[in-house]
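In this text, all values refer to a predicted model and were calculated from it rather than measured experimentally. Every number for a ligand or one of its atoms is a count from 1 in the order of the listing.
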Amino acid sequence: MEKIKMITPLVEMDGDEMTRILWKMIKDELLNPFIELNIDYYDLGLKYRNETNDQVTIDSAEATKKYGVAVKCATITPNAARMPEYNLKEMYKSPNGTIRAILDGTVFRAPIIVKGIEPLVKNWKKPITIARHAYGDVYRASEMRIPGAGKAEIVFTAEDGSVTKELIHDFKGPGIVQGMHNLTDSIESFARSCFNFALDIKQDLWFATKDTISKKYDHTFKDIFQDMYDAEYDDKFKAAGIEYFYTLIDDAVARVMRSEGGYIWACKNYDGDVMSDMVATAFGSLAMMTSVLVSPQGYYEYEAAHGTVQRHYYKHLKGEETSTNSVATIFAWTGALRKRGELDGNKELGVFADKLDAACIKTIEAGKMTKDLALITSIPDVAVLNSYDFIKAIRATLEEML
Ligand code: NAP
Ligand code: MG
């Protein structure tokens, strides 16, 4: 069979620990034999980030702006324990945070659904994709403990010196206050990424806030989304046969529980933090959750939602067998290859990506899986495979399909 050619390079961001091991196996077994990979490679493994004072992370994000599509392996976000382990010059910031700041993107997380791993919510049949606004609100709040009686106010001093005040509370005794903010630019970027991604994957977009109670703060989110939708997206959504749906956050939660899934749920920062954990848990396994960073300009960075699976890596280093699930990492590759194919008009690449996705699902549904899935599946008599044998089983399924 002749290998599939790629027109434009794909940005590859290598990573750390167990996922770095899986990364190489995936390339060796599932990609290189079938595709002549055209790659712009960046090593985001902590060792090389340290050697380059983290410049490599910035370079990889800039390359994503240049080529439009990236695929990223999970990476270590250093903490105190990593300083001696990797002999670090400093406690570098999270690479995901750095890349997101440069691309100004929104993260969309979606579960991979297979028969035999049923969501805890019985009626969820299709994925629910959560988009979390990753700026401001309670995550950038100023807070104060109020020791006793006194007046708390919000004060805004404009550049011309004029002052606007709003009473928070006239305290008669001790209490607490919090001041939150957000930025019109950031909310607009979020809205644009959400509308574009909904068009991209042709799914309805839901958005919810508490605008009835928060008549200025939350209402601004609602208005920015609605104004942008009316001005720029209404025709495109109708043409694509999808809907933008706004409701109150409590109504949204009730509807989500009753729904069958199959839409994108855009959430304010705190709602997204909480709901993404709930949705991920209900769909079964962190190892089956994909993640894509979408910028308002249309740059895409695909990855698995889980981390570097450190515990398995330490077993691997001791020479013990691991059974680490590579599906979300494979889907990161197929997501990126499909998008690359779409942007380049390279149909073969998209067809291959679809087949590799299908091969992963078919392999699991045939009862061949890693331990994390074996523990939760309703399929009887499964074969629990080690990390490498699972990837080889996927390759065997893929070869039957090609
Ligand atoms: P983790 O790597 O997501 O793993 C947590 C646990 O979840 C694992 O110990 C394992 O459970 C299970 N798990 C996750 N992915 C799995 C897979 N593919 N197959 C099988 N089981 C899987 O989180 P962590 O251990 O808290 O973090 C490790 C490192 O990852 C940290 O340095 C953190 O900074 C980094 N991290 C990176 C990203 C990213 O790059 N996007 C995201 C999150 C965390 P059992 O041990 O019970 O088998
Ligand atoms: Mg959370």
Side-chain angles (χ1 to χ4, degrees), residues 12-23 25-26 42-47 49-50 54 56-57 60-61 70-86 88 91-101 103 105 107-112 114 117 132 134 273 276-277 280-281 283-293 301-318 320-333 335-336 360 363-364 368-377 384-391 394:
E12 175 185 349
M13 304 169 175
D14 209 341
D16 286 301
E17 300 195 310
M18 199 61 212
T19 40
R20 189 178 178 102
I21 308 277
L22 298 178
W23 194 258
M25 289 180 190
I26 292 167
Y42 295 85
D43 184 358
L44 266 54
L46 187 50
K47 184 169 174 286
R49 270 184 279 151
N50 192 42
D54 210 22
V56 65
T57 307
S60 74
V71 58
K72 181 179 169 292
C73 180
T75 46
I76 293 168
T77 297
N79 56 17
R82 301 295 194 170
M83 300 296 289
E85 185 182 355
Y86 284 85
L88 297 181
M91 208 187 285
Y92 303 102
K93 282 191 273 188
S94 143
N96 288 52
T98 302
I99 295 165
R100 195 170 61 214
L103 300 182
V107 174
F108 296 82
R109 264 183 167 210
I112 299 155
V114 298
I117 295 160
R132 173 180 171 188
D273 184 351
S276 63
D277 285 337
T281 305
F283 272 108
S285 171
L286 188 58
M288 296 291 279
M289 189 65 75
T290 61
S291 173
V292 51
L293 176 77
E301 182 241 301
Y302 293 83
E303 65 177 317
H306 60 77
T308 59
V309 211
Q310 181 181 15
R311 206 182 64 81
H312 295 206
Y313 180 60
Y314 287 172
K315 277 177 70 178
H316 170 84
L317 288 181
K318 280 194 257 164
E320 291 171 32
E321 191 170 83
T322 59
S323 180
T324 315
N325 188 340
S326 46
V327 170
T329 306
I330 297 171
F331 271 63
W333 272 101
C360 292
T363 304
I364 297 167
K368 293 174 208 160
M369 59 190 77
T370 43
K371 192 175 159 199
D372 56 308
L373 298 181
L375 289 171
I376 57 171
T377 186
V384 181
L385 303 180
N386 67 35
S387 307
Y388 185 54
D389 286 347
F390 179 59
I391 289 173
I394 294 169

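Under the 4.0 Å criterion applied to side-chain N and carboxylate O atoms, R100 and E303 are not assigned as salt-bridge partners. By the 4.0 Å N-to-carboxylate-O rule, R49 lies close enough to D16 to be salt-bridged with it.
There is no protein heavy atom less than 4.0 angstrom from atom 7 (O) of ligand 1. Under the 4.0 angstrom criterion, atom 42 (C) of ligand 1 counts as having a protein heavy-atom contact. For atom 19 (N) of ligand 1, a protein heavy-atom neighbour is found at a distance under 4.0 Å. Not a single protein heavy atom sits closer than 4.0 Å to atom 24 (P) of ligand 1.
Summary of contacts: the protein heavy atom closest to atom 36 (N) of ligand 1 is G307 CA, 3.4 Å. Here the heavy atom of the protein found nearest to atom 14 (C) of ligand 1 is H306 CB, 3.9 Å. Among protein heavy atoms, atom 9 (O) of ligand 1 sits closest to R311 CB, 4.1 Å. Regarding atom 48 (O) of ligand 1, its nearest protein heavy-atom neighbour is H312 NE2, 2.8 Å. Atom 30 (O) of ligand 1 has T308 N, 3.0 Å as its closest protein atom, hydrogens excluded (heavy atom only). Of all protein heavy atoms, the one lying nearest to atom 37 (C) of ligand 1 is T75 O, 3.0 Å.
Between M13 and A61 the shortest heavy-atom distance is CE-N, 4.4 Å.
The shortest side-chain heavy-atom distance between Y388 and M25 falls under the 4.5 Å cut-off. Between P78 and Y86 there is no side-chain heavy-atom pair separated by less than 4.5 Å. Between I76 and Q310 there is no side-chain heavy-atom pair separated by less than 4.5 Å. Between E12 and W23, some side-chain heavy-atom pair lies under the 4.5 Å cut-off.
Just one residue in the list K371, H306, H312 forms a side-chain hydrogen bond (donor to acceptor under 3.5 Å, both in side chains) with T324, and that residue is H312. None of T19, N96, L46 except one satisfies the side chain to side chain contact (heavy atoms under 4.5 Å, CB included) rule with T75; the exception is N96. The one candidate from N325, V309, T322 that meets the side chain to side chain contact (heavy atoms under 4.5 Å, CB included) condition with S387 is T322.
Close approach to A287 involves these atoms of ligand 1, each under 4.0 Å from a residue heavy atom: 16 (C), 17 (C), 18 (N), 19 (N). For ligand 1, the atoms closer than 4.0 angstrom to any heavy atom of A74 are 40 (O). For ligand 1, the atoms closer than 4.0 angstrom to any heavy atom of L286 are 3 (O).
Closest heavy-atom approach to atom 34 (O) of ligand 1 among the candidates L373, L22, T77: T77. Nearest to atom 22 (C) of ligand 1 by heavy atom, out of D372, V309, L375, T324, is V309. Distances from atom 32 (O) of ligand 1 to the heavy atoms of M288, R82, E17, E303 show the closest one on R82.
Between the side chains of D372 and T370, a donor-acceptor pair is found at a separation under 3.5 Å.
Of the heavy atoms in N96, only side-chain atoms (C-beta onward) come closer than 4.0 Å to ligand 1.
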After noting the C-alpha distance and the side-chain angles of S285 and I117, does the key distance pass the side-chain contact (heavy atoms from CB on, under 4.5 Å) rule? CA-CA 9 Å; S285 171; I117 295 160; 5.9 Å; no
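Where the criterion is an N or O separation shorter than 3.5 Å, residue side chain and backbone included, Q310 fails it with respect to ligand 1.
Taking 4.0 Å as the cut-off, K72 counts as a neighbour of ligand 1 on heavy-atom distance.
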